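Please read all numbers here as calculations on a predicted model, not as lab measurements. To find a chain, count down the sequence lines: A is the first, B the second, and so on, and within it residues start at 1.
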2 protein chains.
Amino acid sequence: MKKKKLSINDIAKSLDISATTVSFILNGHAVEKRIRKELVERVLKYVEEVGYKPNSLARSLRTGKSNTIGLMVEDISNPYFSGIARFIEENAYKNGYKIIYSSTDNDPEKTKDLIQMFRERHVDGYIISAPVGVEEDINELIAAGLPVVLFDRVLQGVETDAVEVDNNASTYNAINHLIDRGYKNIGLVTLISVQSQMLGRLQGYKSALSEQGLKEHVVEIPFSKDQENNINHILTFLESKKDLDAVLFGTNYLAISGLKAIKRLGLTIPDDLAVIAFDNHDLFELSFPSITAITQPIAEIANEVITILLKKLNSDPLVTIGNQSVVLPTSMIIRDSTKKIK
Amino acid sequence: MKKKKLSINDIAKSLDISATTVSFILNGHAVEKRIRKELVERVLKYVEEVGYKPNSLARSLRTGKSNTIGLMVEDISNPYFSGIARFIEENAYKNGYKIIYSSTDNDPEKTKDLIQMFRERHVDGYIISAPVGVEEDINELIAAGLPVVLFDRVLQGVETDAVEVDNNASTYNAINHLIDRGYKNIGLVTLISVQSQMLGRLQGYKSALSEQGLKEHVVEIPFSKDQENNINHILTFLESKKDLDAVLFGTNYLAISGLKAIKRLGLTIPDDLAVIAFDNHDLFELSFPSITAITQPIAEIANEVITILLKKLNSDPLVTIGNQSVVLPTSMIIRDSTKKIK
DNA sequence: ATGAAAGCGCTAACAT
DNA sequence: ATGTTAGCGCTTTCAT
């Protein structure tokens, strides 16, 4: 029972018609080409019967479209990104697109290579949470007419569609929440980063504090895959700032590392230190005490991203549609880690 | 500065040689074909200069290899799977393979479609955590000579490479740990499932209990993406079994749902109920109390999977190499949720 | 030591 | 209403 791979020619021969006709029928040009209904049905039936599937490689080579979307995230094992990947994937498959993904590690060199690879593969569209340093490469994609949607952060000097959350307002509100509850020495643990989302978060933090005439306490940690590394940086920071009464963590994994650090120091939340995390996580609901968190609307982010991309993919390439820049609001889930006890 | 896409013919023409020669040089057949060193260098230099990249679609069409691996997991947003995806991806890219992935939702129909899609795309190898019901489809892949590596679970009647953990021994040990600590009414929250890994976990649970003459308390929950759904099932179970003093959760997300359910019921861990989770999670370290967890060696699982697959991919297709079945041990991290207080 | 030519499987402009 | 034909860009056999 050797299932020989059938080609469109095999089908044509078996049915004693030309490959062209088969191709037309299979691609829905039957009506337009006025092919006999009877023939159309016969072909469709036969194709179904023998289980013929067109070779998409050949089709892609011919049409120049691969029906593939390239997805590049910072780290697929980060629940924020894997959550988004999940939604994007689902939506893409529904629309006949496959996803090829990769993690960038925030490394511009790696990311450039990946863009190159994806391009060789002729992916039809790109979804990227990009590190700083790949602006040129992305501009080249755009110049080549390839649809690119950025998310999570934008890039200076890159004009394309983008989906973000309102980072600035998010941390601004979070800090004000802390101030309302009576906290005065509020720290920020963030990344050494020129990435737009981190800058926005830093900015919101600064604005809120300066409005109230409070002092800033910021530590910027280098991006690292190693959790222990992050924990150590945070430990050092917390030990050098004994008077802190609250701290905002700029990402979900910084918050996780931070909680571990706080635990090691034997500090009590929120009595010794109040905590807010950027990004929600199951952990923050179930840890003790539960952790107040800024929640990003993952489903909507993914949805906006894929909707914009699909629209570009399906639009007439001659008709330029303006770039969309979507900024979504976050929400804050107030839990026990910011509950003023005094 | 319109960067026209260069083809091998453009290169050949510019250099006034044939495409054949360029192809040979680019594919490392220069020596074997005894092409002049001087020419080789000139071609390489020019190619580098103009940034020519072969069209991999065309190459794939011709060679029948796509340098792509299809990865199918239950749910990419589950940290177990996204963690594995991360390692696999990294290793694959290093070896010149790209990953195209999809989540199966444990749905055999969806999975069949995906296998079909991946096959149309001519992926070179498959990595699958498969739901029951796709045995035939996978056997077809194998019959067609396509390398398949299963992981997390195996499939009845499918003979191929597989990487698992020792599920049976893992839960057996976990239950014995509970028994040692004096727990007697030990429940198991698992999935309604005929999947091998869940059966193994159930089996280990049963063996341990029966050895000690203890009674089983099992609830089997239908697979669902909706956490609230899981929580409700667990709530019902816990309320109907007031005499339970310990519970083992069969997966990480069941444990998370379970912890939420326990919290809602106002039960104290471990005084009212001891808890063990299958699969580790940051949460289990940081929740209060911390949760004892069976830890799967994610890096090793991913590593075995990709190593086996690459070996098959690189081996002479004529030389059949026997299937490898790797069973890795888990470890148990004992935390406070199983700390006998009495 | 290098090139001509065929062909992977498909699509679509151009016949008829 | 259907078929002929010419590629898409690459690899590879066979010639020279």
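Where B:S18 and B:T63 meet DNA chain C, the nucleotide closest to each residue was compared, and B:S18 sits on the side nearer the 5' end. Comparing A:K33 and B:P54 by the nucleotide of DNA chain D that holds the closest heavy atom to each, the one mapping nearer the 5' end is A:K33.
The aromatic rings of A:F151 and A:F81 sit perpendicular, their planes meeting at an angle over 60°, well past the 30° parallel limit. Aromatic ring orientation, A:H29 versus A:F24: perpendicular (interplanar angle above 60°, classes split at 30° and 60°).
Between the C1' atom of D:dT2 and the CZ atom of A:R42 lies a distance of 13 Å, rounded to the nearest Å. Protein atom CG of A:N67 is 15 Å distant from nucleotide atom P of C:dC10, rounded to whole Å. Going from atom CZ of A:R34 over to atom P of D:dG3 covers 16 Å, rounded to whole Å. Atom CG in B:N9 sits roughly 12 Å away from atom C1' in C:dA5 (whole-Å rounding). In this entry the distance linking CD1 of A:I8 with C1' of C:dC8 reads 14 Å, nearest Å. Between the CD1 atom of A:I35 and the P atom of D:dG3 there is a distance of 9 Å, rounded to whole Å. Atom C1' of nucleotide C:dC10 and atom CD of B:E120 are separated by 13 Å, given to the nearest angstrom. Computed from coordinates, the B:K13 NZ to D:dG9 C1' distance equals 12 Å when rounded to whole Å.
DNA chain D lies under 4.0 Å from at least one heavy atom of each of the following residues of residues 23-30 of chain B: B:S23, B:F24, B:N27.
A close approach under 4.0 Å does not occur between any side-chain nitrogen or oxygen of B:S7 and OP1 or OP2 of D:dG9. Contact check, B:T21 against C:dG3: a side-chain N or O comes under 4.0 Å of OP1 or OP2. Taking side-chain N and O atoms only, B:Y52 has a distance below 4.0 Å to OP1 or OP2 of D:dC10.
Counting any heavy atom pair closer than 4.0 Å across all strands shown, B:L57 reaches no nucleic acid atom. At the heavy-atom level, B:L61 lies under 4.0 Å from base atoms of the strands shown.
In terms of heavy-atom proximity, B:A130 sits nearest to B:L155 at CB-CD2, 3.6 Å.
The side chain of B:R36 approaches C:dA1 more closely than any other nucleotide in the set D:dT11, C:dA1, C:dC10. The nucleotide whose nearest atom lies closest to any side-chain atom of A:A19 is, among C:dG3, D:dC10, C:dT11, C:dT11.
Using a 3.5 Å distance cut-off with no hydrogens or angles, the side chains of B:S103 and A:E90 do not pair a donor with an acceptor. Side-chain atoms of A:Y93 and B:D113 form no donor-acceptor pair, as typed in the model, at a separation below 3.5 Å. A side-chain donor-acceptor contact under 3.5 Å links B:S77 and B:D75.
Counting distance only, with no hydrogens placed and no angle test, the side-chain atoms of A:R62 and the base atoms of C:dG9 include no donor-acceptor pair under 3.5 Å. You'll find a donor-acceptor pair under 3.5 Å spanning the side chain of A:T20 and the base of C:dA12, going by distance alone.
Residues passing the ring pair (Phe, Tyr, Trp, His ring centres under 6.0 Å) test with B:Y101 are A:Y101, sequence neighbours excluded.
Panel note: side chain A:S66, backbone A:H122; a donor-acceptor pair is recorded below 3.5 Å.
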